[in-house]
There are 2 protein chains.
Amino acid sequence: MMTPDRPLRSDAARNHELLLDAAEIEFEAKGPDVSVLDIVRRAGVAKGTFFRHFASKDDLIAAIVGKHIGALIDVAEHLEGAEDAGAALLQFLTVASAQREQYDVSFLLRAGESDDRVSGVRTRLYDSVSVLVDNARTAGAIRTDVTATDVILLMCAPNHVVEYLPSPAPDLWQRYLAIIFDGLRPAGAHQLPVPAPNDAL
Amino acid sequence: MMTPDRPLRSDAARNHELLLDAAEIEFEAKGPDVSVLDIVRRAGVAKGTFFRHFASKDDLIAAIVGKHIGALIDVAEHLEGAEDAGAALLQFLTVASAQREQYDVSFLLRAGESDDRVSGVRTRLYDSVSVLVDNARTAGAIRTDVTATDVILLMCAPNHVVEYLPSPAPDLWQRYLAIIFDGLRPAGAHQLPVPAPNDAL
DNA sequence: TACGAATGTGACCCTAGGGTCAACTTTCGA
DNA sequence: TCGAAAGTTGACCCTAGGGTCACATTCGTA
């Protein structure tokens, strides 16, 4: 990442983009455990170049995660004023799942404390989802006992469960999102046995 | 594992148990990525001993997973004749989550093809869950469009989402199981957008 | 164009972790 | 009791992968 005091040299700026793009593709294809070597090969640069641009592999991940979550926050903020609050929340969850980067959330929640960029973004996401959840609750679109933390945690389940299949249909996550979202609805909701976790996201 | 043609020598039998027990504890504590060294240290034996008892680390995992899934199958088969089919399915899912070994399922589904022990167990689990699901559907306890594969996939979500939290309450998974199970109920169910995957478990 | 600073390069280092093996020790039956 | 088969041991091998660094290259400017 690095916030350059002076602008990057032209070749450096290009390589930075190449690395980011390559990393995104590789992560998508092989999950968060791709090797730096794979990324570097795809980008067409040498390993040393990678570490000139990113302090570590985790630093790269933080950069990408920050970008994705940032995009997600934009979506959420856009939806804050929607007329149909229930549809807005579902829309948000759909976009989140469609991004397909379920490791985002895991990284967001794990590595958050140690990385300033990520922890700031995390707070913003939480705040924005809170608004969507509150709106949906007020509108009677979801049960009253569900919190933003619940939603953020459940957000990644559709993509995750699908990964258990050897070759899942690319839109299968929609099926499980639909089921889980039905579970969030007030109709026929049963008492939840355990209180929500602290919002200590 | 090895199916001993002749019975194990007494010390070998003891070490086998020690390894299995140690592995179970280590997996529980550190997830499926514990090193063989950690397991071996806890068991109090040398590394070489490990590999006399198990052909590979995956072999050990297969042994443990087989054991867990076997126990789960027993539970499922016990519940097949229950009067309240809906409660029986919920009960099954509760036991599955309480086992807390969500990697079981992932291993079961991934490594299944390459391991005879696991693939046999996998089929039995699928069959038994099918019965529970069919019973529950017939009883009107779950929506009609949900399959055994759906249930098996969703089975591990409660434990998984909870893992995103730095220190989740030990019973928090019950909250998410309740939400997801409500999503499986027929009351207020919305049309699912994508067909179920092939039952090619 | 020429020079210094910024950047790129890839050989190299280090560690972790799975797996092997020849020598040593224990078990157990005759 | 004793010897062979079964089991144990830990030093060793190998690979993958993250990260470093001295040197080569390129950019941008005077």
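Each chain gets a letter, A, B and so on, in the order the sequences are listed, and its residues count up from 1.
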On DNA chain C, reading 5' to 3', which nucleotide is the first and which the last to sit with an atom under 4.0 Å from a heavy atom of chain A, could you check?
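Both ends considered, the range comes out as C/dA5 to C/dG10.
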Expected string for nucleotides 22-30 of chain D under the B/S/- scheme (protein heavy atoms, under 4.0 Å, primed atoms plus P, OP1, OP2 as sugar-phosphate) is ----BSS--
For A/Phe181, all residues meeting ring-ring contact (aromatic ring centres under 6.0 Å, His included), sequence neighbours excluded:
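Once residues adjacent in sequence are excluded, A/Phe181 has no partner under the ring-ring contact (aromatic ring centres under 6.0 Å, His included) criterion.
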Assign A/Ser35 to base, sugar-phosphate, or nothing according to its heavy-atom contacts below 4.0 angstrom with the strands shown.
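Sugar-phosphate only.
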Only counting residues at least two apart or in another chain, list the ones meeting side-chain contact (heavy atoms from CB on, under 4.5 Å) with B/Val34.
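Counting only residues at least two positions away or on another chain, B/Val34 forms a side-chain contact (heavy atoms from CB on, under 4.5 Å) with B/Glu26, B/Phe27, B/Lys30, B/Asp38, B/Ile39.
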Nearest 0.5 Å, what's the [atom1]-[atom2] distance between [X] and [Y]?
{"X": "B/Thr94", "Y": "B/Leu89", "atom1": "OG1", "atom2": "CG", "value": "9.0 Å"}
{"X": "B/Asp182", "Y": "A/Leu192", "atom1": "CG", "atom2": "CG", "value": "7.0 Å"}
{"X": "A/Leu60", "Y": "A/His53", "atom1": "CG", "atom2": "NE2", "value": "11.0 Å"}

Nucleotide D/dT9, atom C1' - distance to CG of B/Leu37 in whole Å
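My rounded result for the distance is 13 Å.
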Side-chain donor-acceptor pair present, B/His68, B/Glu24, cut-off under 3.5 Å:
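Looking only at side-chain atoms, B/Glu24 and B/His68 do form a donor-acceptor pair, the distance falling under 3.5 Å.
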Going by atom types only, do B/Ser128 and B/Glu80 share a side-chain donor-acceptor pair under 3.5 Å?
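Checked: B/Ser128/B/Glu80 side chains pair up, N/O donor to acceptor below 3.5 Å.
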Please determine whether a side-chain nitrogen of the Lys or Arg among B/Asp11 and B/Arg14 lies less than 4.0 Å from a carboxylate oxygen of the Asp or Glu.
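So B/Asp11 does not pair with B/Arg14 through a salt bridge.
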Whether B/Arg124 and B/Asp127 form a salt bridge (side-chain N of Lys/Arg under 4.0 Å from carboxylate O of Asp/Glu) is what I want to check.
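So B/Asp127 does not pair with B/Arg124 through a salt bridge.
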Nucleic acid contacts of residues 38-48 of chain B, taken as heavy-atom distances under 4.0 Å to DNA chain D:
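Going residue by residue through residues 38-48 of chain B, the ones with a heavy atom under 4.0 Å of DNA chain D turn out to be B/Val45, B/Ala46, B/Gly48.
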Return the set of residues passing side chain to side chain donor-acceptor pair (under 3.5 Å) with A/Asp145 (not counting sequence neighbours), or none when no residue passes.
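Checked A/Asp145 against side chain to side chain donor-acceptor pair (under 3.5 Å); matches are A/Arg143.
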